[in-house]
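Below is one structure. I have some questions about it.
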Amino acid sequence: MSLLPGQTHVILAPDVLAAATAQWILARAADAVDARGVFSIALAGGSTPRATYEHLAESVGVAWEQWVVFFGDERACPMDDPASNYAMARAALLDHVAVPPDHVHRMPADSDDLDGAAAWYSQDVEVAQGSPPVIDVVLLGLGENGHTASLFPGTASLDVTDAWCTRGLADYEPFDRLTLTYPAINGARQIAFLVSGGSKRDALCGIVDGTVPAAGIRPTDGELHWFLDEAAAATLPG
Ligand code: 6PG
């Protein structure tokens, strides 16, 4: 029994974690396509999800034409920059599967007007997913300081409740970001954190005691899942 909210899945080794989360995503996608004819997902950035995306890219029999892809956050850099979450998702997944290009909703964090870009993406998400938007699966990572997406401690993004996307401010390069907001993430049907390694102890403790931004991830009507490898699970409090 984990002290984390929602359902905790402890999967042993990092490569098994990636395969297991890919299978979980595919199952949610099949359910969504069966139920509604479409599957929407917001991809996480950072390094942890890359292996999951690579496992997805190797999967067969997937109704990729019914997938609609959003991003949880994006760094303010060119979209082909190695730091770009979009670039990582293309390299690991999107360039290898038949998701229609107009079904991929890239976050335009390479814009010179980040406030305007955030407003545009809020509108884009709302047109695609309704108001309030309901995304089938939102994937999230967990930073060592307890940030998730680009909702960083002590930043204005944590207080945004009237938009689906806003500016983020990281404490490492690239500092400027775009991020989905709490309302956009918490409206999802399924929210899944992917956490690997032993460096997230403080962040996981912060989830339990409610002191970090990722503790604000609480699905309004959906489910919250934690996918941890053994090293991350070993740092869980309690
Ligand atoms: C980003 C991510 C960020 C990431 C965490 C964990 O743009 O960096 O959205 O929230 O998920 O920092 O990153 P790792 O998976 O690399 O530990």
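Here the structure is a predicted model, which means the values were calculated and not measured. Positions are given from 1 along the sequence. One-based numbering, in listed order, for ligands and for the atoms of each.
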query = What protein heavy atom is closest to atom 15 (O) of ligand 1, reported as residue, atom name and distance in Å?
reply = T48 OG1, 2.6 Å

query = Which protein non-hydrogen atom lies closest to atom 6 (C) of ligand 1, naming both residue and atom, and how far is it?
reply = L142 O, 3.5 Å

ask   = With a 4.5 Å heavy-atom cut-off, do F39 and V68 have their side chains touching?
value = no

inquiry  = I'd like to know if D136 pairs up with R36 as an ion pair, taking the criterion as any Lys NZ or Arg NE/NH1/NH2 lying under 4.0 Å from an Asp or Glu carboxylate oxygen.
reply    = yes

ask   = Parallel, tilted or perpendicular: which describes the rings of F70 and Y121, with under 30° parallel and over 60° perpendicular?
value = perpendicular

query = ligand 1 versus D73, non-hydrogen atoms closer than 4.0 Å: side chain, backbone, both, neither?
reply = side chain

Heavy atom of Y172, distance to ligand 1 below 4.0 Å = yes

key: Protein heavy atom at shortest distance from atom 13 (O) of ligand 1   = G46 CA, 4.0 Å

key: Sub-4.0 Å atoms of ligand 1 with respect to non-hydrogen atoms of G141   = 11 (O)

query = Taking atom types as modelled and ignoring hydrogens, do the side chains of D73 and S150 form a donor-acceptor contact shorter than 3.5 angstrom?
reply = yes

request  = Could you walk me through whether H225 and W24 pass ring-ring contact (aromatic ring centres under 6.0 Å, His included), step by step?
outcome  = CA-CA 10 Å; H225 295 266; W24 180 85; 5.0 Å; yes

remark   = So CG of L94 and CZ of R106: to nearest 0.5 Å the spacing works out to 12.5 Å

key: ligand 1 contact on F193 by region, counting heavy-atom pairs under 4.0 Å   = neither

key: E74 vs Y86 side-chain heavy atoms within contact, under 4.5 Å   = yes

remark   = The protein heavy atom nearest to atom 16 (O) of ligand 1 is S47 OG, 2.6 Å

request  = Could you pull out, from R75, E144, E74, the option with a heavy atom nearest to atom 1 (C) of ligand 1?
outcome  = R75

Parallel, tilted or perpendicular: rings of Y172 and F152 (30°, 60°) = perpendicular

task = Considering heavy atoms of the protein only, find what lies nearest to atom 10 (O) of ligand 1 and give residue, atom and distance to 0.1 Å.
result = A149 O, 2.6 Å

ask   = Which protein non-hydrogen atom lies closest to atom 17 (O) of ligand 1, naming both residue and atom, and how far is it?
value = K200 NZ, 2.8 Å

query = Is L140 touching ligand 1 with its side chain, its backbone, both, or neither, if touching means heavy atoms under 4.0 Å apart?
reply = neither

ask   = Do H147 and ligand 1 have an N or O pair less than 3.5 Å apart?
value = yes

query = Do we see a donor-acceptor contact under 3.5 Å between the side chains of T166 and S157?
reply = no

ask   = Counting each atom of ligand 1 from 1 as listed, which ones have a heavy atom of R177 under 4.0 Å away?
value = 1 (C), 7 (O), 8 (O)

